[in-house]
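So you know, we letter chains A, B, ... as the sequences are listed, proteins then strands, and number each from 1. Below, each value reflects all heavy atoms present in this structure, side chains not excepted, and no hydrogens, waters or symmetry copies.
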There are 2 protein chains.
Amino acid sequence: MSAQQRARAADVLGEAGVRPTSRRVQVLGELIAERDDLTAQELHERLRARGERLGLATVYRTLALLAEEGLVDAISHRPGELCYRRCGEGHHHHLVCSDCHRVVELSECELEPWLERVSAVHGFVATGHRLEVAGVCGDCRAA
Amino acid sequence: MSAQQRARAADVLGEAGVRPTSRRVQVLGELIAERDDLTAQELHERLRARGERLGLATVYRTLALLAEEGLVDAISHRPGELCYRRCGEGHHHHLVCSDCHRVVELSECELEPWLERVSAVHGFVATGHRLEVAGVCGDCRAA
DNA sequence: TTTAGTGCAAAAGTTTTGCATGGTC
DNA sequence: GACCATGCAAAACTTTTGCACTAAA
């Protein structure tokens, strides 16, 4: 993680009104540097491997905070395991490669009108939805 | 769970080529009788409350088997917790009430063409998708 | 009799919590 | 000094596994 990423992470935290402690900067910075997603355990291992003596509980607490502030997305590919990713703003879904776990954001979500209509048929008012798309990316198909 | 439900559960198991043991009949019968969904723990508690001395591990093993055979659906509302439900055949999604957990099947899924198109833009080949819709049902809105 | 299923207990794995310590305003 | 964040260890919780025992084909 470069100094630039650390500075950007600190900025993001500051703008969100979250105190930019060194641990939070490290965790968010790591997610900013990562193209795909990471579990709390993976994040912890990476930072430990760099000589950081941070606790696993801190990683969990930090990720929960970042997710609550909307600074990162929590994605669940498999039950019993939450992954975190620094994503763009706004409503979107994820396209994930089953092989290499590469994540792509899909921002062109056209589901709302359909969902509202279908929900109303069953007497429901739709309040939200979660879509996860699995696929195989170009690199993995070539290999 | 009535004798009729038990008979139906045994039929369903037999048709799927799964040996209809008494435990499997009980677990599937319970899911057939339930309108919404149940966790393994809830299922275990219900059957224990009836005086059945079945193990929690058996419930997990049975549910995994039923899900693999396509006899029940595994739904994940919250990460870290799998729910099971006896659903209709074919591809569908779930509309779940955030208040009472009532589940409705949505069978009119029109996502495939859109997903294939959007995936291709990113070099992916879409292989599957999971959509969970949250909402509030009529009963809960009235209350 | 041979195989598959089950109960119980222990283990595994992830996530949360309690509490003392340390850092920050 | 007051408050928030952190490390560490223990606990909580869901799910899986090992193994002896039982039931079924």
Atom pairs under 3.5 Å, N or O on each side, protein against nucleotides 1-8 of chain D: can you list them with distances?
unit_1	atom_1	unit_2	atom_2	d
D:dA5	OP1	A:Arg24	NH1	2.9
D:dA5	OP1	A:Arg24	NH2	2.8
D:dA5	O5'	A:Arg24	NH2	3.4
D:dT6	OP1	A:Thr21	OG1	2.7
D:dG7	OP1	A:Arg23	NE	2.6
D:dG7	OP1	A:Arg23	NH2	2.5
D:dG7	OP1	A:Arg53	O	3.2
D:dG7	OP2	A:Gly55	N	2.9
D:dG7	OP2	A:Thr58	OG1	2.6
D:dG7	N7	A:Arg61	NH2	3.2
D:dG7	O6	A:Arg61	NH2	3.2

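- One interatomic measurement links the two molecules: CD of B:Glu42 to C1' of D:dC13, which rounds to 14 Å at whole-angstrom precision.
- Within the 4.5 Å cutoff, side-chain heavy atoms of B:His44 are placed close to those of B:Leu54.
- For the pair A:Tyr60 OH and D:dA12 C1', the interatomic distance rounds to 13 Å; values are reported in whole Å.
- Between the CD atom of A:Glu81 and the P atom of C:dG13 there is a distance of 12 Å, rounded to whole Å.
- Summarising the geometry of B:His122 relative to A:Val104, their closest heavy-atom pair is CD2-CG1, 3.3 Å, with the distance given to 0.1 Å.
- Salt bridge A:Glu52/A:Arg23: present, at least one basic N to carboxylate O contact under 4.0 Å.
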May I have the list of side-chain donor-acceptor pairs in residues 66-77 of chain A shorter than 3.5 Å, sequence neighbours left out?
unit_1	atom_1	unit_2	atom_2	d
A:Asp73	OD2	A:His92	NE2	2.9
A:Ser76	OG	A:Arg78	O	3.4
A:His77	NE2	A:Asp37	OD2	2.5

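- Here the C1' atom of nucleotide C:dT15 and the CG atom of A:Leu43 are 15 Å apart, to the nearest Å.
- The residues A:Arg117 and B:Glu108 are annotated as not salt-bridged, no charged nitrogen and carboxylate oxygen being separated by less than 4.0 angstrom.
- With a 6.0 Å radius and a threshold of 12 heavy atoms from other residues, nucleotides or ligands, B:Glu89 has its CD atom at or below the threshold.
- Put simply, CD on A:Glu68 is 17 Å from P on C:dT15, counting in whole angstrom units.
- A:His44 places its NE2 atom 15 Å from the C1' atom of C:dG13, with the value rounded to the nearest Å.
- Atom-to-atom, CG of A:Leu82 to C1' of C:dT16 comes out at 13 Å; the value is rounded to the nearest Å.
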